[in-house]
Amino acid sequence: MIELYNTLTKQKERLVTREPGRVAMYVCGPTTYNYIHLGNARALVVFDTIRRYLEYSGYKVEFVQNFTDVDDKIIDRAKEEGLDPHDLARKYTGAYFEDADGLNVRRADLHPKVSEHIPEIIALIETLIAREFAYVAGGDVYFSVRRFPQYGKLSGRRLEEMLAGARVEPEANKLDPLDFALWKSAKPGEPTWPSPWGGGRPGWHIECSAMALKYLGTNFDIHCGGADLIFPHHENEIAQSEAATGEPFARYWLHNGFITVRQEKMSKSIGNVFLVRDILRLYPAPAVRMFLVGTHYRSPLDYAPEYIEASVRSVERLETCFQLLTEALGRALPGRGEDGLLDERLSVIESEFKAAMDDDFNTARALACCFDLIREVNISVHAAVLPSKETLEKAMGVFCGFNRVLGIFPERDGRPVFKRRVSTQTTLAWDIEGAKDDDLAMRLLQLLITVRQEARQKKDWTTADRIREGLRELGVVLEDTPEGVRWKRV
RNA sequence: GGCGGCAUAGCCAAGUGGCCAAGGCGACGGUCUGCAAAACCGUUAUGCGGCGGUUCGAAUCCGCCUGCCGCCUCCA
């Protein structure tokens, strides 16, 4: 039974979906005016992980994430870069996928763009005008906030409080300073689409309502985004959508916490914005992902480079464990072995993992289960008598299942794949992405290992250590084990 | 000004009334090893920002205080 914190009700609630066994999920995606930064990455990874867990739990998930490719910021940035706004949006949409892929974020089922849904947006605005929730003023269209009595129910605000806020700036055409734009008339040189109210473009909030309603309908299950979107973006989405349809918009609202950099807000003015592509050049992607899921998604997350460095070592332990398990599976016998308590422990660890994730997607607790798994597996594969092949296969299944949820390592055929090069006794080049076993370097490496083994047999430790140290300087670490020599690149 | 969040070991981070306060990184000691590495074992918070209160019992609930952060129509 999954429980999740609903911003709308400010409490954890049991997940009851619109249709049994199915989850319809909408995530507010990026505005494509720049490369994504770590804060964007957190939202992506968090909601990707939630999606993965829902599927792990047996739900069929329909996952929609939009691109805001029509926006004031895009227009401004396009001027700076000397590009057409449409080309600029396309450029950063492509860059988004590069970065998201790097973080092992799965593609959504649908990635709708604002620019491709202008007719739906116009139709929605016309409905709002017809139902007298919106009015035309000049070439603009505004939503009448006071016509929607429930306005503020998501963010917990009252209209009077908002009016007291210092930053409500009345615009000439608005009848009420609280009203917000559904349609903005275009200034010369700006992207423009024809509409019943003249040439212009959609306001910021109406796009998500139009696209979510089109693809997921009313009363869909989960709507996600960063905590900063609660107000005004999501508040306005609710107002528009429910005013237009007369039905609830979304059942559960999930919001991820912010990232700070050494306790400070990440912002351009401070100059501490970290782009995903820059971080991925410095650290292995699995370590970055582990850092991001190491904290509960609603908590604030402080970033500093050394925090990711701590995850690098943890990721290595996961890799080592997987390698040891793979080797052990090659040696284990079906139906025979000393299982000890492994089988039972695996069941306990797996159910604890589920309990953690069922509790509002507590990835930090789930990660602790991964380390419990590592320890149990490592103990077993080093035991004098291996567990049975069946039990080790169960361990492999649990390992891969955890990875499928947390997305630490990319997968191929359900198994994690690693960027590092490592060997086993059974294969020279083990699970290497794109590596060739007959590579000259591989042959030379194997030759050096053989020469060293001969030296070791003659107790020529000077030569043996010379080779090991030399290889280490070249980035190849040798490990002597009872079964033979293992190597890995670092 | 209004609304909301956070404060747990050297560092990161779970835990929201009751076994010795998860887990990770780091550090130290040990087992194994020719030496290493990897792995494993042990140690590392009588205390959870401070002061009161409720309770048989609180990191966990209440009040006050301190510090930090976010939102209030650009923002994941």
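All values derive from a computational prediction rather than experimental measurement. Within every chain, numbering begins at 1; the chains are lettered A, B, ... in the order of the sequence lines, protein sequences first and strands thereafter.
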Using a cut-off of strictly less than 4.0 Å, decide whether [X] has a side-chain nitrogen or oxygen near OP1 or OP2 of [N].
X	N	result
Arg317(A)	rC25(B)	yes
Arg375(A)	rG24(B)	yes
Asn362(A)	rA22(B)	no
Trp487(A)	rA37(B)	no
Asn378(A)	rC40(B)	yes

Assigned partner base of [N], Watson-Crick or wobble definition, under 3.5 Å:
N	result
rA13(B)	none
rC28(B)	rG42(B)
rC48(B)	none
rC3(B)	rG70(B)
rC61(B)	rG53(B)

Going by modelled atom types, is there a donor-acceptor pair between the base of [N] and the side chain of [X] at under 3.5 Å?
X	N	result
Arg468(A)	rC35(B)	yes
Asp465(A)	rG34(B)	yes
Asp480(A)	rC35(B)	yes

Looking for any heavy atom pair under 4.0 Å, which part of the strands does [X] touch: base, sugar-phosphate only, or nothing?
X	value
Ile259(A)	base
Phe180(A)	base
Arg466(A)	nothing
His37(A)	base

**Message:** Output the rounded distance in Å from CG (Leu178(A)) to C1' (rC72(B)).
**Reply:** 11 Å

**Atom-to-atom span, NZ of Lys73(A) to P of rU73(B) - whole angstrom** = 14 Å

For nucleotides [N] and [M], find the distance between their [atom1] atoms and express it as a whole number of Å.
N	M	atom1	result
rA7(B)	rA38(B)	P	34 Å
rU8(B)	rA59(B)	P	15 Å
rG30(B)	rA37(B)	P	13 Å
rC32(B)	rA39(B)	C1'	9 Å

**Worked verdict on Tyr33(A) versus Thr68(A) for side chain to side chain contact (heavy atoms under 4.5 Å, CB included)** = CA-CA 9 Å; Tyr33(A) 72 111; Thr68(A) 299; over 6 Å; no

**Asked** How are the rings of His233(A) and His205(A) set relative to one another: parallel (under 30°), tilted (30 to 60°) or perpendicular (over 60°)?
**Response**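 The arrangement is tilted - the two ring planes meet at 30° to 60°.
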
**Prompt:** Is Trp461(A) stacked on the base of rG34(B), meaning ring centres closer than 5.5 Å and planes within 30 degrees of each other?
**Reply:**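 A stacking contact exists, since Trp461(A) sits close and nearly parallel to the base ring of rG34(B).
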
**Asked** Would you call Trp253(A) and Ile238(A) a side-chain contact if the rule is heavy atoms closer than 4.5 Å?
**Response** yes

**Request:** Between Gly294(A) and Pro30(A), just flag the one whose closest nucleotide in RNA chain B comes earlier from the 5' side.
**Result:**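 By nearest-heavy-atom nucleotide position, the 5'-most residue is Gly294(A).
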
**Message:** Reading RNA chain B from 5' onward, which residue's closest nucleotide shows up sooner: Asp179(A) or Glu306(A)?
**Reply:**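 The 5'-side residue here is Glu306(A).
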
**Request:** Step by step, work out the ring pair (Phe, Tyr, Trp, His ring centres under 6.0 Å) result for Phe291(A) and Tyr283(A).
**Result:** CA-CA 11 Å; Phe291(A) 166 71; Tyr283(A) 302 101; 9.5 Å; no

**Item:** Axial cation check for Phe97(A) ring with Arg107(A), 6.0 Å and 45° limits
**Value:**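 Arg107(A) over Phe97(A) ring: yes.
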
